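We use all heavy atoms of the structure for the numbers below, so side chains are in, but hydrogens, waters and symmetry mates are not. Residue numbers run from 1 in the order of the sequence given. Note that the coordinates shown come from a computational prediction; the quantities given were computed from them, not determined experimentally.
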Amino acid sequence: MSIPKLLTLCIIQQNDKVLLGLKKRGFGVGRWNGFGGKVNKDESIEQAAIRELDEEVGLHPLVLSKVGVMEFDFVDNPGIMEAHIFKITKFSGLPQESEEMKPQWFDVNKIPYSEMWSSDIYWLPLLLADKKFKGEFLFDRASDAEYSAKIISHKINEVEEL
C-alpha cells in the first residue's frame with residue numbers, strides 16, 4: 001500500500017456566501033473548487049493550506065478550522081489523495097485571480113455543484129453546517145472541463161474530532 005499524497009483544500013465562507021475558484025490549469029481544470037494543493041515535505045498541513053491560499057487567491061486566513069479529511073482514489077490511476085479540508089470565515093486580503101484560479105463568490109443556495117467535483121455535494125453541505133467529517137471516494141477518473149468524474153463507491157461520516 002502506497003503512502004497517501006497529502007493535499008489541502010480551503011473553503012471560504014462569509015455569512016451566506018462561499019468563495020470558490022474556477023481551476024484554470026492542471027488537475028481538475030474547468031471545475032469550481034476550494035483553494036489548496038500539495039503539502040511540501042518541509043511544511044505542515046496547516047502551513048501548506050496557508051501557502052496555497054495565498055498563492056491561488058491572495059488571502060491569508062485569520063482563523064483556519066480543520067473540518068474534514070477525505071480520501072480520493074481513481075480506478076484509472078490508483079494512489080490515494082488525502083485531502084485535509086479547512087473552513088475559513090475570517091481572512092485578510094481581497095480575493096485576486098491567479099494563474100491557476102479565478103475566484104467568485106456564490107450564494108450558499110446557488111453553489112454550482114454540477115460544475116464541481118461530483119463528491120462535493122456530499123461533503124460541502126456538512127462543512128457549511130459546521131460539521132466535521134471523514135470520507136472516502138473512488139472515482140473512475142479525474143474531472144476536467146468536459147468530464148465529471150463518476151463515483152464508483154463512497155462513504156462519508158460525521159465525526160466528533162479529526
Side-chain angles (χ1 to χ4, degrees), residues 4-62 64-128 135 137-151:
K5 181 178 187 176
L6 295 180
L7 304 169
T8 65
L9 186 62
C10 296
I11 302 292
I12 298 166
Q13 182 181 7
Q14 292 240 288
N15 303 313
D16 62 348
K17 301 280 186 196
V18 175
L19 184 67
L20 299 173
L22 182 63
K23 193 80 162 43
K24 294 165 54 176
R25 66 174 189 202
F27 188 76
V29 65
R31 297 273 152 187
W32 291 101
N33 206 343
F35 305 94
K38 298 180 198 91
V39 177
N40 294 328
K41 68 179 182 178
D42 62 337
E43 65 186 352
S44 70
I45 291 168
E46 291 77 11
Q47 288 170 328
I50 292 166
R51 175 185 50 77
E52 287 281 353
L53 192 63
D54 179 55
E55 289 175 1
E56 292 186 350
V57 73
L59 300 177
H60 184 80
L62 300 177
L64 189 64
S65 303
K66 189 171 182 176
V67 296
V69 177
M70 301 292 294
E71 290 185 353
F72 301 111
D73 201 356
F74 300 86
V75 171
D76 75 332
N77 187 14
I80 293 175
M81 298 169 64
E82 182 180 291
H84 293 256
I85 302 173
F86 297 89
K87 180 176 183 176
I88 297 165
T89 56
K90 294 182 175 147
F91 59 88
S92 63
L94 293 172
Q96 298 173 18
E97 186 169 348
S98 66
E99 290 181 13
E100 194 169 348
M101 299 289 264
K102 179 182 176 185
Q104 182 175 322
W105 288 101
F106 291 92
D107 185 289
V108 292
N109 298 316
K110 295 181 180 172
I111 293 172
Y113 287 113
S114 66
E115 299 170 51
M116 298 172 73
W117 281 83
S118 49
S119 57
D120 293 1
I121 198 162
Y122 291 92
W123 62 263
L124 188 52
L126 294 173
L127 177 143
L128 296 173
F137 283 83
L138 176 62
F139 296 104
D140 60 341
R141 65 183 181 94
S143 289
D144 59 30
E146 287 80 40
Y147 184 78
S148 181
K150 290 182 179 44
I151 298 171

Visitor: Check E97 against M101 and note the closest heavy-atom contact, atom names and distance.
Guide: CG-O, 3.4 Å
Visitor: Donor-acceptor check, side chain of N40 to backbone of D42, threshold 3.5 angstrom: yes or no?
Guide: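 It does not hold such a pair.
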Visitor: Considering all heavy atoms of both residues, which atom of M116 and which atom of S148 are nearest to each other, and what is their separation?
Guide: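 Closest heavy-atom pair between M116 and S148: O-OG, 4.4 Å.
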Visitor: Would you say that P112 contacts L20 through its side chain, given a criterion of any heavy-atom pair below 4.5 Å between the two side chains?
Guide: yes
Visitor: Taking 4.0 angstrom as the limit, do E100 and K23 come out as a salt bridge?
Guide: yes
Visitor: Just wondering, are more than 12 heavy atoms of other shown residues or ligands nearer than 6.0 Å to NZ in K90?
Guide: no
Visitor: Kindly compute the distance separating CZ (F86) from NE2 (H84), expressed to the nearest 0.5 Å.
Guide: 7.5 Å
Visitor: Can you give me the closest heavy-atom contact between K24 and S98, atom names plus distance?
Guide: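 Minimum heavy-atom contact is NZ-O, 2.8 Å.
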Visitor: Which heavy atom of P95 sits nearest to which heavy atom of W105, and what is that distance?
Guide: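 Heavy-atom minimum between the residues: CG-NE1, 4.1 Å.
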Visitor: Got more than 12 heavy atoms from elsewhere within 6.0 Å of NZ, K17?
Guide: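 Enclosed.
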Visitor: Run the numbers on Q13 and V108 for side-chain contact (heavy atoms from CB on, under 4.5 Å), then give the verdict.
Guide: CA-CA 9 Å; Q13 182 181 7; V108 292; 4.0 Å; yes
Visitor: For the backbone of A48 and the side chain of E46, can you confirm whether one donor and one acceptor N or O come within less than 3.5 Å of each other?
Guide: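 Not at all, since once roles are kept as given, no pair shorter than 3.5 Å links the two residues.
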Visitor: Considering only heavy atoms from C-beta outward, does the side chain of F35 approach that of I88 to under 4.5 Å?
Guide: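 No - every pair of side-chain heavy atoms lies 4.5 Å or more apart.
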Visitor: Keeping E82 on the side-chain end and V69 on the backbone end, is there a donor-acceptor pair under 3.5 Å?
Guide: no
Visitor: Quick check for you: to the nearest 0.5 Å, what is the distance between R51 atom CZ and K38 atom NZ?
Guide: 9.0 Å
Visitor: Take I85 and M70, measure what side-chain contact (heavy atoms from CB on, under 4.5 Å) needs, and give me the verdict at the end.
Guide: CA-CA 8 Å; I85 302 173; M70 301 292 294; 3.3 Å; yes
Visitor: Return the CZ to CG distance between F72 and L138, rounded to the nearest 0.5 Å.
Guide: 12.0 Å
Visitor: Only pairs at least two apart or in different chains count here, so list each salt bridge (Lys or Arg N to Asp or Glu O under 4.0 Å) that has a residue in residues 69-79.
Guide: none
Visitor: What distance do K110 atom NZ and D16 atom CG have between them, rounded to the nearest 0.5 Å?
Guide: 10.5 Å
Visitor: State whether the number of non-hydrogen atoms from other residues, nucleotides or ligands found under 6.0 Å of K102 atom NZ is greater than 12.
Guide: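 Not buried by this count: 12 neighbours or fewer within 6.0 Å.
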Visitor: Please find the pair of heavy atoms, one from P61 and one from L53, that lie closest to each other, and give the distance.
Guide: CD-CD2, 3.5 Å
Visitor: Got a sec: does the CG of L94 have more than 12 other heavy atoms crowding it under 6.0 Å?
Guide: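 Check fails, neighbour count at 12 or below.
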Visitor: How long is the gap from CG on L64 to CD1 on I50, to the nearest 0.5 Å?
Guide: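 Taking CG in L64 and CD1 in I50, the distance rounds to 5.5 Å.
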Visitor: Any donor and acceptor pair, going by atom type alone, linking the side chain of T8 with main-chain N or O of I45 inside 3.5 Å?
Guide: no
Visitor: Got W123 and L9 here, is their nearest side-chain heavy-atom distance under 4.5 Å?
Guide: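 Yes - at least one pair of side-chain heavy atoms lies under 4.5 Å apart.
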Visitor: Verify side-chain contact (heavy atoms from CB on, under 4.5 Å) between W32 and I111, making sure each step is shown before the conclusion.
Guide: CA-CA 9 Å; W32 291 101; I111 293 172; over 6 Å; no
Visitor: Ignoring hydrogens and angles, tell me if any N or O in the side chain of K87 forms a donor-acceptor pair with the backbone of L127 under 3.5 Å.
Guide: yes
Visitor: Can the ring centroids of W117 and F139 be said to lie less than 6.0 angstrom from one another?
Guide: yes
Visitor: Quick check against the 3.5 Å criterion: does R141 have a side-chain atom that pairs as donor or acceptor with the backbone of K150?
Guide: no
Visitor: Please name the pair of heavy atoms, one in M81 and one in L7, separated by the smallest distance, quoted to 0.1 Å.
Guide: CE-CD1, 3.1 Å
Visitor: How long is the gap from NE2 on H60 to CG on L62, to the nearest 0.5 Å?
Guide: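 H60 NE2 to L62 CG: 6.5 Å, rounded to 0.5 Å.
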Visitor: For the residue pair Q14 and L19, establish whether any side-chain heavy-atom pair is separated by less than 4.5 Å.
Guide: no
